[in-house]
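Sequence lines set the chain letters: A, B, ... in the order given, protein chains first and strands last, and positions in each chain run from 1.
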There are 2 protein chains.
Amino acid sequence: MDTSVICPRFETAISLLSQRWTGLIIYQLLSGPQRFSHLTEVIGISGRLLSERLKNLEAEGLVTRTVYPETPVRIEYALTEKGISLKPVMDEIQNWSQIWVEPTETRKV
Amino acid sequence: MDTSVICPRFETAISLLSQRWTGLIIYQLLSGPQRFSHLTEVIGISGRLLSERLKNLEAEGLVTRTVYPETPVRIEYALTEKGISLKPVMDEIQNWSQIWVEPTETRKV
DNA sequence: TCCCTTTAGTTACTTTATGTAACCAATTAT
DNA sequence: ATAATTGGTTACATAAAGTAACTAAAGGGA
């Protein structure tokens, strides 16, 4: 009877980042507010899933959605403080990838 | 024509961590070599998926599998140097979760 | 007025991944 | 020979992701 259980907060955090695309969306938004169509192009995600993920992230308090009623309409997504505070996580992943991921591994496009 | 593309190495790294359970398995193995049945219990993953994930992680060079022909057989999974070097990533996720994840959010069991 | 363009999505459908539970193989103690 | 234990695998159901066509709103031009 081993009672060693994984920290529930850590589990919540990693289940967030384990959702496909979520990490990439946050990483991309770390470079500043961006609009829907730009995110789809840069990340290579479909509108359907991007929409779903952004709604989730908004509900989690990681992302804000701002409507600019121009013509045509412009909608910008930006990280909240909670979202921005994931930068150290992303930095460490980036750092690890530079050391351990070979350039030749990156041919999955 | 915006040429800003996400770093391919980063993409490879995060697609690894975005696979469900993979992050938790690595996190759990950071506390030392462990056997199959222990991992299923602590993480709450089925044998089918744990088996699949461990094979992946072995193929990626993050985990080793060692057979001890005792009775009954004992098989231990351990992180390689490449796997251990993900500790700073896990530490940052842990750190973030302590600040931003409320204890009340952790009721998904 | 009607049609065209643009952004930001949504809907319907197919394919892939995950969850669940029963089953199998090897080994050895009874 | 039978049971017990570990470390899986197989077969099937459900959920998530991929794809492509479609819609809504808001001008702009013919």
Side-chain angles (χ1 to χ4, degrees), chain A residues 1-2 4 6 11-12 14-29 32-60 63-79 108-109, chain B residues 1-2 4 6 11-12 14-29 32-60 63-79 108-109:
Chain A
M1 191 119 310
D2 195 334
S4 70
I6 292 175
E11 236 181 303
T12 301
I14 207 154
S15 79
L16 193 104
L17 295 172
S18 288
Q19 233 190 144
R20 197 162 195 180
W21 301 115
T22 300
L24 270 184
I25 293 168
I26 292 167
Y27 173 82
Q28 182 61 29
L29 286 177
Q34 287 159 62
R35 44 209 302 198
F36 192 90
S37 53
H38 184 243
L39 288 172
T40 62
E41 284 162 29
V42 174
I43 297 178
I45 184 180
S46 69
R48 179 173 107 51
L49 278 185
L50 180 59
S51 174
E52 195 176 302
R53 288 298 183 275
L54 288 171
K55 276 179 189 164
N56 272 343
L57 289 171
E58 220 188 326
E60 301 265 8
V63 162
T64 56
R65 178 181 187 270
T66 309
V67 180
Y68 297 91
E70 300 168 359
T71 261
V73 67
R74 178 164 61 96
I75 292 169
E76 280 198 344
Y77 291 91
L79 292 178
K108 75 168 56 167
V109 180
Chain B
M1 193 114 315
D2 193 332
S4 70
I6 292 175
E11 236 181 304
T12 300
I14 208 154
S15 79
L16 193 104
L17 295 172
S18 288
Q19 233 189 144
R20 196 163 196 181
W21 301 114
T22 300
L24 270 184
I25 292 168
I26 292 167
Y27 173 81
Q28 182 60 30
L29 286 178
Q34 286 159 62
R35 44 208 303 200
F36 193 90
S37 53
H38 184 241
L39 288 171
T40 61
E41 283 162 31
V42 174
I43 297 177
I45 185 181
S46 70
R48 180 173 108 47
L49 279 186
L50 180 59
S51 174
E52 195 176 302
R53 288 298 183 274
L54 287 171
K55 277 179 188 163
N56 272 343
L57 289 171
E58 219 188 326
E60 301 266 7
V63 162
T64 57
R65 178 181 187 272
T66 308
V67 180
Y68 297 90
E70 301 169 357
T71 259
V73 66
R74 180 166 59 99
I75 291 169
E76 281 198 342
Y77 292 91
L79 292 178
K108 78 168 52 168
V109 182

Output the distance between atom [atom1] ([X]) and atom [atom2] ([Y]), rounded to the nearest 0.5 Å.
X	Y	atom1	atom2	answer
A:Leu50	A:Leu39	CG	CG	5.5 Å
B:Arg48	B:Thr40	CZ	OG1	14.5 Å
B:Leu17	B:Leu24	CG	CG	11.0 Å
A:Tyr27	A:Ile25	OH	CD1	14.5 Å

For A:Arg35 and C:dT6, give me the distance from atom CZ to atom P, rounded to whole Å.
13 Å
Round to the nearest Å and state the distance from A:Leu50 atom CG to C:dG9 atom P.
8 Å
Residues in ring pair (Phe, Tyr, Trp, His ring centres under 6.0 Å) with B:Phe36, at least two apart?
none
Set of residues satisfying ring pair (Phe, Tyr, Trp, His ring centres under 6.0 Å) with respect to B:Tyr77, sequence neighbours excluded
none
To the nearest 10 degrees, what angle separates the axes at the start and end of the helix from C:dT1-D:dA30 to C:dT30-D:dA1, five pairs each?
30°
A:Leu57 and A:Ile26, any side-chain heavy atoms less than 4.5 Å apart:
yes
Counting C-beta onward and ignoring hydrogens, is there a side-chain heavy-atom pair between B:Gln28 and B:His38 closer than 4.5 Å?
yes
Show, in sequence, the C-alpha distance, side-chain angles and deciding distance for A:Ile75 and A:Arg35, and conclude whether the side chain to side chain contact (heavy atoms under 4.5 Å, CB included) test is met.
CA-CA 6 Å; A:Ile75 292 169; A:Arg35 44 209 302 198; 5.8 Å; no
Taking side chain to side chain contact (heavy atoms under 4.5 Å, CB included) as the test, write out the residues that go with [X], two or more places apart.
X	answer
B:Gln19	B:Thr22, B:Arg53, B:Asn56
B:Glu58	B:Arg65
B:Pro33	B:Glu76, B:Ala78
B:Ser18	B:Ile14

Would you say A:Tyr68 places a side-chain N or O within less than 4.0 Å of OP1 or OP2 belonging to C:dA8?
no
Footprint string (nucleotides 10-19 of chain C, 5' to 3'): B base within contact, S backbone only, - free, heavy atoms under 4.0 Å
BBB-----BB
Where protein sits on nucleotides 22-30 of chain C, one letter per nucleotide: B base, S sugar-phosphate only, - none, heavy atoms under 4.0 Å:
-----SS--
Nucleotide interval of DNA chain D bounded by contacts with chain A (heavy-atom cut-off, under 4.0 Å):
D:dA17 to D:dG27
